[in-house]
Structure formats: C-alpha cells, structure tokens
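A short worksheet on the structure shown next.
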Amino acid sequence: MDEPKKHVGDSTFQLRATRRMSVIAQDPSITRPNGNILMAQIDVPAEDLQPGPMGYRVQIVDYDAATGKYGGAYELPAEGKEPKAWIDGDPAIVRNFAFHAQNAYALVMQTLARFEFALGRRVGWSFKVHQLKVAPHGMMDANAFYSRDDEGLVFGYFPGLDQKNVYTCLSHDIVVHETTHALLDAQRQRYMDPSGPDQAAFHEGFADVIALLSVFSQVELVAELLRRGPGGREYLDDDDVRAEALRKTALFGLADQMGKEMDAVRGDALRRSAEMGPDRTWMKDAEFEEPHRRGEVFVAAVMNGFLEVWTARLQAAKAPDQTKHMRQRVAEEGSDIAAALVTMWIRALDYMPPVHMEFGDALSAAITADSEVRPDDKRYGLRARTLASFRAYGIEPRATRADEAGAWPYENRKMRYDRVRFDSMRTDKDEVFRFIWDNRDKLDLRPGAYTEVLSVRPCTRTGIDGFILRETVAEYYQVARLTEAELQQKKIKLPEEYVKEVERNRDERKGNRDKRLGESDPDEAGDDSDSAPVTPVYGGGVLIFDEYGKVKYHVHNDVFGSRQTARLQYLWESGHLRAGADGARLSPARLSDLHRARAIGVRRIREERW
Ligand SMILES: [Zn+2]
C-alpha cells in the first residue's frame, strides 16, 4: 500500500517525500519474546515539525480535560536520532508522553497519506482549519472520539487491570479508526446526518476496515503475528493458512489491549467482526439495525472477502504435495492484497452517493472505483470475491453492468456541454452548478427542491500497474420541505405515529394561543403556525467527469424517491425525527455520543463497545 519512496538523487541529497518513524505496531500488549513491545517503522510525509509536534496537517495538543493540565509541547527526535528505547520497544515508552505524541502524530499522518494516495488528490478536513487537533490524553475514559465541532481527535486513558494506565493513543487500531472518521467526514459531510441504518453503520464499519487493513501494510508485523501459533515457526502448516485459522489470529482482532483490559473474563480484542460467518439473515434482524452491530456486518463482509482472496492465492501458489508455507511469503501475499483492498475501499468513497448511502451503494462504488483504475482483476479476483462475500451476508450491489458485475452503469444520456467551460468544471462549484442546471431533466433533478453543489474535486489516480486515471468528482445535494399533501402526491408516506404527534402538538399550541387571545404579543405577529407542517426530505448525487469533461457516472438518490418512506419510518423509530407543531426536526447523530454510549453504559450491559 505504501507509496514508493521518492528519493531524489542519492542519500546525501536530503529531499525526500517521506521520513521514517517508530510506532507501536499494534498496541503495548503485543510483545516480543524478550518482553519488548513489538514496534514498526512507518513512512510518513516528510515535513519540518514545530514543537507540539505541529505539522502542516496535524497538531498534537496534550491537554487533559480530566485534570485541566497541558502536558506541554514535545520536540520529536530527528529522523535517525530516535532513542534506542523507541526503536526497540522498551516497555518504558508506555509512560513516555513524547513518544505518545510521536505515535499519534505518525499514525494520523500515515492514514492521511493513504487516503491522499488512494484518492489521488490533497485531502482536507471537514472544517475550515488546516490542522487537525489531536489530544493524546484528552480525558480519563476508556474511549476515544472524533469531534467535528472541536476539529480534532480525543484519546482517553484509563486504569487497567493492574491499575497502570492504558492509553488509547498507543493503539494503532484506535488511532487509525478515529482518523478515518475525520477523513470520511471530510469526503462525505452528510454521512453524519440522520438517514437509514446503513449510513450510521458505515462510519463505524469503514473506520474498522481501514484500521484492520492498515495493519497489513506492515509485513514484519503480519509475519510476527502469524508466528504466534504453538512453537513459533518459520513454516506454517497448510491448516494454518486456511480462512478458519487466519480469522482467529490477532490480525483480525480490533484493539486487542483495550478489549483485554476492559474485560478480563473475555480477554480478547474489542471486536472480532471477521468471525461473524456469512449469514444472510443478519441484515434483516432487528438487533442489527443498531448502527454498531450493523457496522460489524460490513466489516465481516469485507474481511472475509479478503480472506478468500488471500487463502485462494496461497493454495494456488503451492505444489500438489506441499504441506508447508513459508511464513514470510504468506505475510507478503496478505500485505499485497490488503494494499489493493484498502485502496479500493478508500477510492469507493468518490463513487458513493453523498446522502442516504446504503451498503449496496458502497459495494457498487467499490467495484466501479477499482475497475476504473485496475481493469484487469485476474491476479486476485478481488472484485468477484468481494461481491460474493457481500452477497453471502445478504448485501446485494445496488447496480450491475454487463462487462463488470456489480458496477455502476455508465451515464449514456446526451448532456449539453456547450454553455460550460471545461477548465472551470474541474474546480468551480458555480460552473458545475451551471452544468447541472442545464441538464437538470436528464439528471432527474426534481423541481421544487433546493439544489447545492457541495464539492468539486479533481483527482489523478495511479493503479498498481502504473495506469493513470484523471477524473473530477462533483457532489451535489437536494433538499425539499414538503407538506403531508405534497408528500402524498409524491407517494411518500409519513409514519402514522409521527403524524399523530404533529397534530397533537398543533392542537396544544393552538390551545395556548387561544388562551392568550386579546393579549398583544409581538412574537405572535409573524407566526405561521397555521401553515401546514413540513417534513424535510433529502437527495443528491455524485457526478464523475472523465478527463475530457464528459459525465462518466452519475450516482444519485432521488429526493422524492421510493426509498424515502422507509427512511422516514426508520428515522422516526430511531428517534432522529422529532415532531414539532410545524413539522419535523431532524436531530443528527453525534459520533462522540455513540462512542460514549458504547464505552460506558451499553458495553457493561451488553458487550464490547467503543
Ligand atoms: Zn468509531
């Protein structure tokens, strides 16, 4: 997955695109036989850091809300000057806050670089400032979260089983998971809005997938974790490289240490979604409407597809009478496949609808994105196996195409291009809006809905075989506030209980007003409570322009589409749709709240959550 290192000239010429940093490979609970923590050397974008550290995209702020204290700004050692303890994984680094700062900084930057490589462009945050704030010890809590309002990531710490603190900022999986929330929010800002069960679940599932697959970029770590069977062997038995055995390794467990420290009885990783075997009923099960549970189905579908590819490659590569596999080779193969897969899933974001995403959309987006930049899938069968795995979990692609099963169809309708400027279309929202306006009928845009272009992003992508793809991705969304009569006209049904409650609230308000009759209340002057109550509905799409400025794909959800009825019903049942006297209020889900619920109450009552 890592971008090839770009050396300019020889080693005496220090203009390099990346620098190496030591990080904890998985978390402090994964140690070597000598008791040292297993470390990894990772490449992050090179830059001259200020103390903090503070770089061009990330700023470590060691503020602790529990104590109200600043831990100070840390100066990181220059490349090649790291203390031996950091490189060797001396257990003392668990209490070294300068190392904590480096660990969090490096993992956030590596994840950002991974997104920029996959998407083929600079990737910003969802807020105006350029630098994401990261608090490595932000609270005393077995928790971590991304907050758009605070423009940053907050990592907690908590006393472990031996009363020594456990630091979530030292867990690879937790840091990458939270960074992924921030990066996903920047690409699809409306995914944190209330929608159906899949959209909330996707934020969690996607963050877990990126965290799990990122581990595989470190070949040495993969080889080390594969060795952990009895004996610690150089060669693995054939049975060890079957899906059932690999699934049980630490490679497929998320946040091992945190899980163990929070639950001594279970003593395992926080989540082991990959162990949920294929079952088509989960997606229909009420328990799996809950976003976190549902997110695990997504993770299981991705990771089991990955296992299929990996084990098939290993079986195909062996001689007929061969019973042993070289551990290092098994690790390298897994690492290569994971690199292709993580890139495919990050690229998929550009091909997903900007609102009301469902797992089937994500699947079609991933297949399309991958086929565009890696047309030949013979080596891994990555797309076919991913598709088969999702189907085994009851998730069908939203679309399909004759030449590529599960992919979005090409946009074939003849659009008009004569009034827009091709150059500006690559970057200018107004120009793209003009294009959309000129073609609103062909794009199935609905009159009566407000339309806004959310983003226009040019990108240049490189396939693993050097193939280069240039595209521009533009997102727009539509919103309409409709009365019950207007909704009926469009065949959208409101939840019955919701309608009753709106009526109750209106009667109550009317009663209050009648009581006050005769009093002159200036606030009542502009009151429009007699106008019919309205409910908002959202839609939108993404337009993929090819390098000649022609629309190649148009992925969209109709603002008045047939799926709105089910969506409104879900929003009502999940408490996101609230009835006011004049209609609906939508209350957004907050990731930090979700994580809180997972870490505190919910977890104790039910099971592992964070
Ligand atoms: Zn999360």
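Remember, it's 1-based here, ligands and their atoms both numbered in the order they're listed.
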N/O/S of D208 less than 2.8 Å from the Zn ion (ligand 1)?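 Short answer: no, not a single N, O or S atom is under the cut-off.
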The Zn ion (ligand 1) to nearest N/O/S of H181 less than 2.8 Å: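 So H181 counts as coordinating the Zn ion (ligand 1), yes.
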Quick one: are the ring centres of [X] and [Y] less than 6.0 Å apart?
{"X": "Y167", "Y": "F158", "value": "no"}
{"X": "Y74", "Y": "F97", "value": "no"}
{"X": "Y553", "Y": "W408", "value": "no"}

Nearest to the Zn ion (ligand 1) - the N/O/S atom of E204, by atom name: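 Sorting the N, O and S atoms of E204 by distance to the Zn ion (ligand 1) puts OE1 first.
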Find the distance between CG (D185) and OG1 (T180) and round it off to the nearest 0.5 Å.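 The distance works out to 12.0 Å.
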